[in-house]
Undergrad: 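A single structure is presented below for examination.
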Amino acid sequence: MDTVTIPPQRRLLGRFAPSPTGPLHLGNAMTFLVAWLCVRSRGGRILMRIEDIEGHGRDPAVIDGNCRDLRRLGLDWDEGYGVGGPHEPYRQSGRSALYRASLDRLLEQKLVYPCICSRRDVQRMGAAPHAGDFHPYDGRCRGRFRSYDEARRVLEGSGRLPAWRFRVPAGEIVFRDRLCGEQRVNLAETYGDFPIARHPDGIGYQLAVVADDIDMAVTQIVRGGDLLACTPWQILLWKALAPERPLPEYCHLPVVVDSDGKRLAKRTGGLTLDALFSAGVRPERILGLLAYWGGWAEFGEELSVDAILPRFRLDTLSDRRPTLDEKALKFLLP
Ligand code: GLU
C-alpha cells in the first residue's frame, strides 16, 4: 500500500509563545491550556518558542520558571525550548538572522519603509475623526528616506529609533477566527501603514512572530484576544513573506479579568502560578478553575489536563468571561 506523505506545513502544529517578562499568571495559564487542548484534541503537535526580543525578557530564571509552571500543570510540548527540534534556536533572541532576511524580502518588494513618526505623531494626524478618536497613519514617511540610516540621523539625540512601516494595500482583509468568527478589516481606512519593528534589522514583535511561525511551519495560532487587532497586520506580512503557504488557523480567546473587569497583568502581579504552587495549591485545583472558566467543568471540580481533554469544546468559550473574582480566589486559596 502506498503511504501518503503529508507535507510538513499541513500537519497540525500549534505553539506556546510566552514573552518571559515575569512569572505566568492565571490568564496566561488559561491561554496555554486552551492552546494545548486545541492541539491535543486533534492529534497535533505543539512547540515552545520563547519571545524574548522586546522588553525585559531575557532572564533565564524567568524563562525556566515559565516552562516549569506549564509542565507542573501537565502542559507538555513536542518541540522547542528545552526539548530541541529542527528549528533551533527556539529563543527569538537567537534568531535575528531570520528577521533580517525577512526584512530584506519585504524591502525587495518595496513593502516597507523607514519612518520617524512616533506613536503620538500618528495620534495627532488627520483632520477628520475616524473610528473612535483614532486617525490612520497618513503615510508621510513613504518615500521620504533613501535608507534606514538616513532616517536614523534625523532622530539622533532623541533616544528613539525609526520604525519600519508596512505599506497597507487598499481594500478589506477578510479572515475567519475559530472563536470570534469572520473578521473584515479595512486597514487602509482604519489604521494605515503599520510599524513592524523599531530596529535597523527588523527585530520586533510583529515581524518576528510571523517570520518564526512561517519558518517553524506553525499551522494553528491560539492566543489572547488582545492580539486579534494585529492579526490583519500579521496576515499581510505572512502573505508577503510566504505567499505559497496557507495562512495558519487563528483562535483568539477571551481575556481573563479581575472582579473590576481589568485584565490580569504581569506588571500588577495578578496571582501567579508560582505563588499558588508555593502556597501548596495542587495543579488539579488550578486546572479545575480554568476548566470551569472554559465551560468544561462544574465550579469546584479538580481535574488533570488529561481529564479535561475529552470534555474540551471550543465553542463553550465564546460567551464566557473568565473572571478571577472572590469566589474563584476562595476556591484556590480557601
Ligand atoms: N509573546 C506574546 C505574548 O506573550 C504572544 C504572541 C503571539 O501569540 O503571537 O503575549
Side-chain angles (χ1 to χ4, degrees), residues 12 14-18 22-46 48 65-78 177-180 220-226 251-266 268-334:
L12 176 61
R15 67 345 182 241
F16 293 137
L24 299 178
H25 55 59
L26 288 167
N28 306 126
M30 184 70 187
T31 303
F32 292 127
L33 171 64
V34 181
W36 185 92
L37 290 166
C38 280
V39 164
R40 294 294 188 229
S41 62
R42 294 162 78 194
R45 291 164 47 80
I46 190 155
M48 168 64 81
N66 285 185
C67 292
R68 189 192 55 228
D69 289 344
L70 293 179
R71 286 189 198 284
R72 283 172 94 170
L73 288 178
L75 302 178
D76 60 347
W77 52 97
D78 309 287
D177 184 277
R178 281 188 69 202
L179 200 55
C180 308
Q220 187 182 73
I221 295 177
V222 178
R223 59 187 179 186
D226 50 322
C251 179
H252 288 86
L253 307 175
V255 173
V256 180
V257 293
D258 62 18
S259 27
D260 297 330
K262 286 211 197 71
R263 93 180 243 241
L264 309 186
K266 286 180 187 163
T268 52
L271 200 51
T272 67
L273 293 178
D274 188 48
L276 289 169
F277 289 136
S278 304
V281 181
R282 281 160 29 89
E284 289 78 6
R285 209 166 175 86
I286 300 171
L287 289 163
L289 178 65
L290 303 181
Y292 165 70
W293 281 343
W296 320 301
E298 298 296 329
F299 184 79
E301 278 188 80
E302 295 193 16
L303 295 158
S304 67
V305 281
D306 290 329
I308 299 172
L309 194 53
R311 304 182 182 191
F312 170 64
R313 295 171 44 175
L314 192 58
D315 57 353
T316 52
L317 264 174
S318 59
D319 50 5
R320 295 250 146 191
R321 191 168 163 74
T323 309
L324 184 60
D325 52 15
E326 274 307 307
K327 178 171 123 179
L329 283 169
K330 271 219 183 90
F331 169 64
L332 285 175
L333 297 164

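For the numbers below, each heavy atom of this structure counts, side chains included, while hydrogens, waters and symmetry mates do not. These numbers come from a predicted model, not from an experiment.
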Undergrad: Is a side-chain N or O of Arg311 found less than 3.5 angstrom from the main chain of Trp296, in a donor-acceptor match?
TA: yes
Undergrad: Just wondering, do Asp274 and Arg68 contact through their side chains at under 4.5 Å, heavy atoms?
TA: yes
Undergrad: Kindly compute the distance separating CZ (Phe32) from CD1 (Ile46), expressed to the nearest 0.5 Å.
TA: 9.0 Å
Undergrad: With a 4.5 Å cut-off on side-chain heavy atoms, are Leu314 and Arg178 touching?
TA: yes
Undergrad: Closest approach of Leu70 and Trp77, non-hydrogen atoms and distance?
TA: CB-CZ3, 4.2 Å
Undergrad: Give the minimum heavy-atom separation between Leu324 and Ala328, together with the two atoms involved.
TA: CD1-CB, 4.1 Å
Undergrad: Looking only at atom types and distance, does a side-chain atom of Asp258 sit under 3.5 Å from a main-chain N or O of Asp260, one as donor and one as acceptor?
TA: yes
Undergrad: Should Val256 and Thr323 count as side-chain neighbours, where that means a heavy-atom distance under 4.5 Å?
TA: no
Undergrad: Heavy atoms only: give me the nearest Leu303-Ala291 pair and the separation to one decimal.
TA: CD1-CB, 4.0 Å
Undergrad: CZ of Phe331 to CD of Glu301: how many Å apart, nearest 0.5 Å?
TA: 9.0 Å
Undergrad: Keeping Asn66 on the side-chain end and Gly22 on the backbone end, is there a donor-acceptor pair under 3.5 Å?
TA: yes
Undergrad: Provide the closest heavy-atom pair for Leu73 versus Ala29 in the form atom of the first, atom of the second, distance.
TA: CD1-CB, 4.1 Å
Undergrad: Between Arg72 and Leu273, is a side-chain contact (heavy atoms from CB on, under 4.5 Å) present by the stated rule, with each step listed?
TA: CA-CA 10 Å; Arg72 283 172 94 170; Leu273 293 178; over 6 Å; no
Undergrad: What is the distance from atom CZ of Phe16 to atom CG of Leu33, rounded to the nearest 0.5 Å?
TA: 8.5 Å
Undergrad: Donor-acceptor pair, distance only, cut-off 3.5 Å: does the side chain of Arg321 make one with the backbone of Pro254?
TA: no
Undergrad: Any side-chain heavy atom of Leu271 sitting closer than 4.5 Å to one from Leu264?
TA: no
Undergrad: If you take all heavy atoms of Leu332 and Ile286, which pair is closest and at what distance?
TA: CD2-CA, 4.0 Å
Undergrad: Are the side chain of Arg71 and the backbone N or O of Leu75 linked by a donor-acceptor pair below 3.5 Å?
TA: no
Undergrad: Counting distance only, does the side-chain N/O of Arg320 pair as donor-acceptor with the main-chain N or O of Tyr292 below 3.5 Å?
TA: yes
Undergrad: Working to the nearest 0.5 Å, report the span between CG of Asp69 and CG of Asn28.
TA: 10.0 Å
Undergrad: Measure across Leu253 and Val222 and return the closest heavy-atom pair with its distance rounded to 0.1 Å.
TA: CD1-CG1, 3.8 Å
Undergrad: In plain terms, say whether Arg40 and Asp306 are close enough for a salt bridge, that is, a side-chain N and a carboxylate O under 4.0 Å apart.
TA: no
Undergrad: Heavy atoms, side chains only, cut-off 4.5 Å: are His252 and Arg223 in contact?
TA: yes
Undergrad: Looking at Arg313 and Asp315, does any basic side-chain N land under 4.0 Å from a carboxylate oxygen?
TA: yes
Undergrad: Applying side-chain contact (heavy atoms from CB on, under 4.5 Å), run through Met30 and Leu317 and close with a yes or a no.
TA: CA-CA 11 Å; Met30 184 70 187; Leu317 264 174; 4.0 Å; yes
